[in-house]
Amino acid sequence: MTHEHDPVEAGLDFAVKLGKGDFFGRSGLQRRAHTRRLACLTLDSVVMGGEPVFSADTAVGYVTSAAYGYTVGSGIAYAWLPAELAEPGRTVHIGYFDRRIPATVTAEPLFDPAMTRLKG
């Protein structure tokens with residue numbers, strides 16, 4: 001997350017209490033449209049990060065980070081996407097050199113979503 005993004009777009013809105021009183025940036029946060037979301041993507045290969053993300057032939061966002069998820073057995077990438085495209089199950093494509101790699105927006109957490117490991 002950089003100065004270009006806000007906590008709502010990054011999925012951290014649970015940590016911001018707008019009704020708790022005044023704080024630096026409160027009025028700006030209230031004025032924002034929150035049209036982007038940080039989305040988790042899964043894919044069959046691995047990208048490096050910084051690649052454009054496409055919906056049809058239109059660049060709609062970019063990959064912030066990516067790696068191979070050994071516990072889930074697939075590539076994982078995080079990308080800033082328009083809110084309407086950041087819904088789980090949606091397919092987008094990542095531009096990787098001369099290819100377009102399909103990626104699926106995936107709900108989090110990816111590993112142990114029922115928390116069975118934690119609850120033992």
Side-chain angles (χ1 to χ4, degrees):
M1 199 166 90
T2 70
H3 68 281
E4 298 173 344
H5 311 106
D6 66 52
V8 175
E9 294 174 337
L12 299 173
D13 47 326
F14 65 89
V16 179
K17 307 292 185 217
L18 291 174
K20 194 171 183 176
D22 198 23
F23 58 87
F24 184 74
R26 182 176 187 270
S27 61
L29 189 58
Q30 289 178 310
R31 287 192 308 267
R32 295 282 308 245
H34 312 297
T35 58
R36 297 179 290 192
R37 296 285 183 268
L38 184 61
C40 179
L41 308 174
T42 54
L43 52 156
D44 291 335
S45 55
V46 179
V47 295
M48 298 183 314
E51 295 86 0
V53 179
F54 294 90
S55 176
D57 288 329
T58 305
V60 294
Y62 64 93
V63 174
T64 62
S65 58
Y68 186 76
Y70 290 94
T71 56
V72 295
S74 68
I76 301 170
Y78 282 88
W80 288 105
L81 297 177
E84 64 273 10
L85 296 178
E87 297 296 323
R90 172 82 66 158
T91 299
V92 293
H93 290 83
I94 298 174
Y96 193 68
F97 295 101
D98 62 342
R99 298 182 292 154
R100 297 275 173 96
I101 300 172
T104 304
V105 177
T106 308
E108 293 185 280
L110 296 178
F111 182 70
D112 192 26
M115 297 189 341
T116 54
R117 287 177 50 117
L118 178 66
K119 296 176 183 174

Is the shortest side-chain heavy-atom distance between Glu84 and Val60 below 4.5 Å?
no
Any side-chain heavy-atom pair of Arg26 and Leu18 under 4.5 Å
yes
Can you name the nearest heavy-atom pair linking Ala67 to Val46, along with the distance?
C-CG1, 4.1 Å
Check the hydrophobic clustering (I, L, V, M, F, W, Y; side-chain heavy atoms under 4.5 Å; chains of links allowed) and say if Phe54 and Tyr96 are grouped together.
no
When hydrophobic residues are tied together by side-chain contacts of less than 4.5 Å, even through go-betweens, does Val105 share a cluster with Ile94?
yes
Identify whether Tyr68 and Phe97 are in the same connected component of the hydrophobic contact network (ILVMFWY, side-chain heavy atoms under 4.5 Å).
no
Inter-residue atom distance Leu41.CG - Ile76.CD1, 0.5 Å rounding:
10.0 Å
Distance check, rounded to the nearest 0.5 Å: Thr104 atom OG1 versus Arg90 atom CZ?
11.5 Å
Tell me whether the count of non-hydrogen atoms from other residues, nucleotides or ligands lying under 6.0 Å of CZ in Phe24 goes above 12.
no
To the nearest 0.5 Å, what is the distance between CG on Leu81 and OG1 on Thr35?
11.5 Å
Would you say Val92 and Trp80 are hydrophobically clustered, going by side-chain heavy atoms of ILVMFWY under 4.5 Å?
no
With a 4.5 Å cut-off on side-chain heavy atoms, are Cys40 and Tyr78 touching?
yes
Closest heavy-atom pair and its distance - Arg100, Gly95:
CD-CA, 4.3 Å
Please check this pair: side chain of Thr116 against backbone of Ala114, looking for a donor-acceptor N/O pair closer than 3.5 Å.
no
Is there a donor-acceptor pair closer than 3.5 Å between any side-chain N or O of Glu51 and the backbone N or O of Gly49?
yes
Atom pair OG1 (Thr71) and CG (Asp112), whose distance is rounded to the nearest 0.5 Å:
9.5 Å
Looking only at heavy atoms, which two atoms of Leu110 and Pro113 are closest? And how far apart?
O-CD, 4.1 Å
Quick check: is Leu38 connected to Leu43 through a chain of hydrophobic side chains (ILVMFWY, heavy atoms under 4.5 Å apart)?
no
Answer yes if the side chains of Ser74 and Thr42 hold a donor-acceptor pair under 3.5 Å, and no otherwise.
no
